[in-house]
**Q** 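Okay, here's the structure, questions in a sec.
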There are 2 protein chains.
Amino acid sequence: MTTEQSKSEISRARILDAAAKTFRQKGYAATTLIEIARAADMQAGSLYYHFGSKDELLEEVLDIGMRRVHEAVEESQEHLPPGSSHRDRIRAAVEAHLTTLLKLDDYTSANIRIFGQIPEDVRRRHIRLRDAYAELWRRILVKAQKSRALRSDIDLGLVRMLLMGALNWSVEWYQPGRTSIQTMADHMCLMLFSGIGIDEPARSSEDETVA
Amino acid sequence: MTTEQSKSEISRARILDAAAKTFRQKGYAATTLIEIARAADMQAGSLYYHFGSKDELLEEVLDIGMRRVHEAVEESQEHLPPGSSHRDRIRAAVEAHLTTLLKLDDYTSANIRIFGQIPEDVRRRHIRLRDAYAELWRRILVKAQKSRALRSDIDLGLVRMLLMGALNWSVEWYQPGRTSIQTMADHMCLMLFSGIGIDEPARSSEDETVA
DNA sequence: ATATGTTTCGAACGCATGTTAGATTTTAGA
DNA sequence: TCTAAAATCTAACATGCGTTCGAAACATAT
């Protein structure tokens, strides 16, 4: 009994992996069930033993991707060394998000890449997980601001959007090996906290004007 | 003669507008020539009097979108008041990019949204314009860094990517009316130059540690 | 070894799409 | 008004897609 279920579950997982990978590469509409089936060593018709439709398959890929990054960031907050500052907390969250997105997780990267172009009803059903993840970040930032680790004169909602943009866009250009994920997280937090401008304590001359 | 050409050009423009709008909304593969034709008050077959194929139509939409944002940022640099600092220059570039992306320009936003999921040969032919635009930003940032307006210990390439991400991602969430584009540009540059962390001159107690 | 349930195959269907080409309408100049 | 070119329509095509379903292959327990 246990092995029968496991056989089916193995196939399911193989299909989902293939779907996530292909969705991520080509987008949803451009991806064919034939391609997914081939990548999963099956025939297209066989997919329907495990999934009711292409939309259903998409839905599960999206959900898994969002759940993974959510859990990764959540765990990053729980496993912090005691006495960590809010900067440390945010830095850990940034690294967890980036790592999930860029390190072998086709589900999360597929989610980020294709979310903008999926059927409306799928989006409507998936949006809850997205909102929950946004809420997780909101809480992290609000706590930091209330503890005076962040300026009080900034719109946290806007900062969150810009931060998410910088993080998520990496899926469009990142190539493993060129820059380490840690380096990216460092730069990200440097930008976020201290900025990359020079403090220019001697702001007197016209050094900064255009030559 | 002049009016005949103009008639054809008007239709061409109407088709391109419709294509950009629909591509932006639904993505490339999910967009039907029937939809584009209907939005342009034509029949699907009539499109072929103006364009050789769906790919060709896509190609032109992408090119126009990239050229527009390129020109907008270029002009923002030329029309700066004399004596502007490098911060001002970068701020102007950010605002120009955002304005083009978010203000009624379906071409640029279509380009940003769907670039990741287009046929390979179209991408190969379009990549030059993308590179040219990246080079424009690179020059702006390098000049700023050489003039000591930016730290010297940062990877400008990485900063450019993160900055582009924060900017481009806005197309996924921005809603006119909620936040003005100017406000966004301000926050963007605040983050970029000064950061949103508190300088904490009195770094003594454990205020920042987790409660 | 047989029987039962599980998983996959293979072929087919209906439908929508990109594309084509000839007929038709519209436009502009003589 | 007549005509030729330009622009659009209309209907059809080939193709590829998501999906269905009965048959085949496989696995498991008696």
**Q** Any side-chain N or O of A/Tyr49 under 4.0 Å from OP1/OP2 of C/dT7?
**A**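 Checking C/dT7 against A/Tyr49, a side-chain N or O does come within under 4.0 Å of OP1 or OP2.
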**Q** Name all residues meeting the ring pair (Phe, Tyr, Trp, His ring centres under 6.0 Å) criterion together with B/His70; count only those two or more places apart in sequence or in a different chain, and write none if there are none.
**A**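 Counting only residues at least two positions away or on another chain, B/His70 forms a ring pair (Phe, Tyr, Trp, His ring centres under 6.0 Å) with B/Tyr133.
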**Q** Between P on C/dT17 and CG on B/Leu57, what's the gap in Å once rounded to a whole number?
**A**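 Distance check: B/Leu57 CG to C/dT17 P gives 16 Å.
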**Q** What's the CE-C1' distance between B/Met42 and D/dA6, to the nearest Å?
**A**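 Computing the B/Met42:CE to D/dA6:C1' distance gives 12 Å.
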**Q** The criterion is side-chain contact (heavy atoms from CB on, under 4.5 Å); which residues satisfy it with A/Asp88, sequence neighbours excluded?
**A**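 So A/Asp88 forms a side-chain contact (heavy atoms from CB on, under 4.5 Å) with A/Ser84, A/Ser85.
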**Q** Atom CD of B/Gln43 and atom P of C/dA23: how far apart are they, to the nearest Å?
**A**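 The answer, rounded to whole Å, is 19 Å.
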**Q** May I have the list of side-chain donor-acceptor pairs in residues 18-26 of chain A shorter than 3.5 Å, sequence neighbours left out?
**A**
| from | atom 1 | to | atom 2 | distance (Å) |
| --- | --- | --- | --- | --- |
| A/Thr22 | OG1 | A/Ala18 | O | 2.7 |
| A/Lys26 | NZ | A/Glu35 | OE2 | 2.7 |

**Q** Can you check whether A/Ser8 has a side-chain N or O nearer than 4.0 Å to OP1 or OP2 of C/dT7?
**A**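 Looking at the OP1 and OP2 atoms of C/dT7, one of them is under 4.0 Å from a side-chain N or O of A/Ser8.
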**Q** Decide, yes or no, whether a salt bridge links A/Glu60 with A/Arg12 under the criterion of side-chain N to carboxylate O below 4.0 Å.
**A**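 Salt bridge flag = yes for A/Arg12 with A/Glu60.
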**Q** Can you build the contact string for nucleotides 16-22 of chain D? Use B for base contact, S for sugar-phosphate-only contact, and - for no protein heavy atom under 4.0 Å.
**A** -SSBB--
**Q** Nearest-Å distance, CG (B/Leu47) to C1' (C/dT20)?
**A**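 For the pair B/Leu47 CG and C/dT20 C1', the rounded distance is 13 Å.
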**Q** Through what angle, rounded to 10 degrees, does the axis of the helix from C/dA1-D/dT30 to C/dA30-D/dT1 turn between its ends, using five pairs per end?
**A**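 If I round to tens, the end axes sit 10° apart.
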**Q** Using whole Å, what does the distance between atom P of nucleotide C/dT6 and atom CD of A/Glu9 come to?
**A**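 That distance rounds to 14 Å.
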**Q** For residues 175-184 of chain B, please give each side-chain donor-acceptor pair under 3.5 Å, one per line with the distance, not counting sequence neighbours.
**A**
| from | atom 1 | to | atom 2 | distance (Å) |
| --- | --- | --- | --- | --- |
| B/Ser180 | OG | B/Thr183 | N | 3.0 |
| B/Ser180 | OG | B/Thr183 | OG1 | 2.7 |
| B/Gln182 | NE2 | B/Glu95 | OE2 | 3.4 |

**Q** Between side-chain atoms of residues 149-157 of chain B and protein atoms elsewhere (two or more places apart, or another chain), which donor-acceptor pairs fall under 3.5 Å?
**A**
| from | atom 1 | to | atom 2 | distance (Å) |
| --- | --- | --- | --- | --- |
| B/Asp155 | OD1 | B/Gly157 | N | 3.0 |
| B/Asp155 | OD1 | B/Leu158 | N | 3.4 |

**Q** side-chain contact (heavy atoms from CB on, under 4.5 Å) with A/Gln43: which residues, sequence neighbours excluded?
**A**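 For A/Gln43 the side-chain contact (heavy atoms from CB on, under 4.5 Å) partners, ignoring immediate neighbours, are A/Ser46.
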**Q** Does CZ in B/Arg128 sit with more than 12 non-hydrogen atoms of other residues, nucleotides or ligands closer than 6.0 Å?
**A**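 Counting other residues, nucleotides and ligands, CZ of B/Arg128 stays at 12 neighbours or fewer.
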**Q** Rounded to the Å, how far apart are B/Leu58 CG and C/dG18 C1'?
**A**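 Taking atom C1' of C/dG18 as the reference, CG of B/Leu58 is at 14 Å.
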**Q** I'd like to check the side-chain contact (heavy atoms from CB on, under 4.5 Å) partners of A/Asp186; sequence neighbours left out, ordered by chain and number.
**A**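 Listed in chain order: A/Arg91.
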**Q** Rounded to whole angstrom units, what separation is found between the CD1 atom of B/Ile15 and the C1' atom of D/dT8?
**A**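 The distance from CD1 of B/Ile15 to C1' of D/dT8 comes to 10 Å, rounded to the nearest Å.
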**Q** What is the distance, rounded to the nearest whole Å, between atom CD1 of A/Ile10 and atom C1' of C/dT6?
**A**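 From A/Ile10 CD1 to C/dT6 C1': 14 Å.
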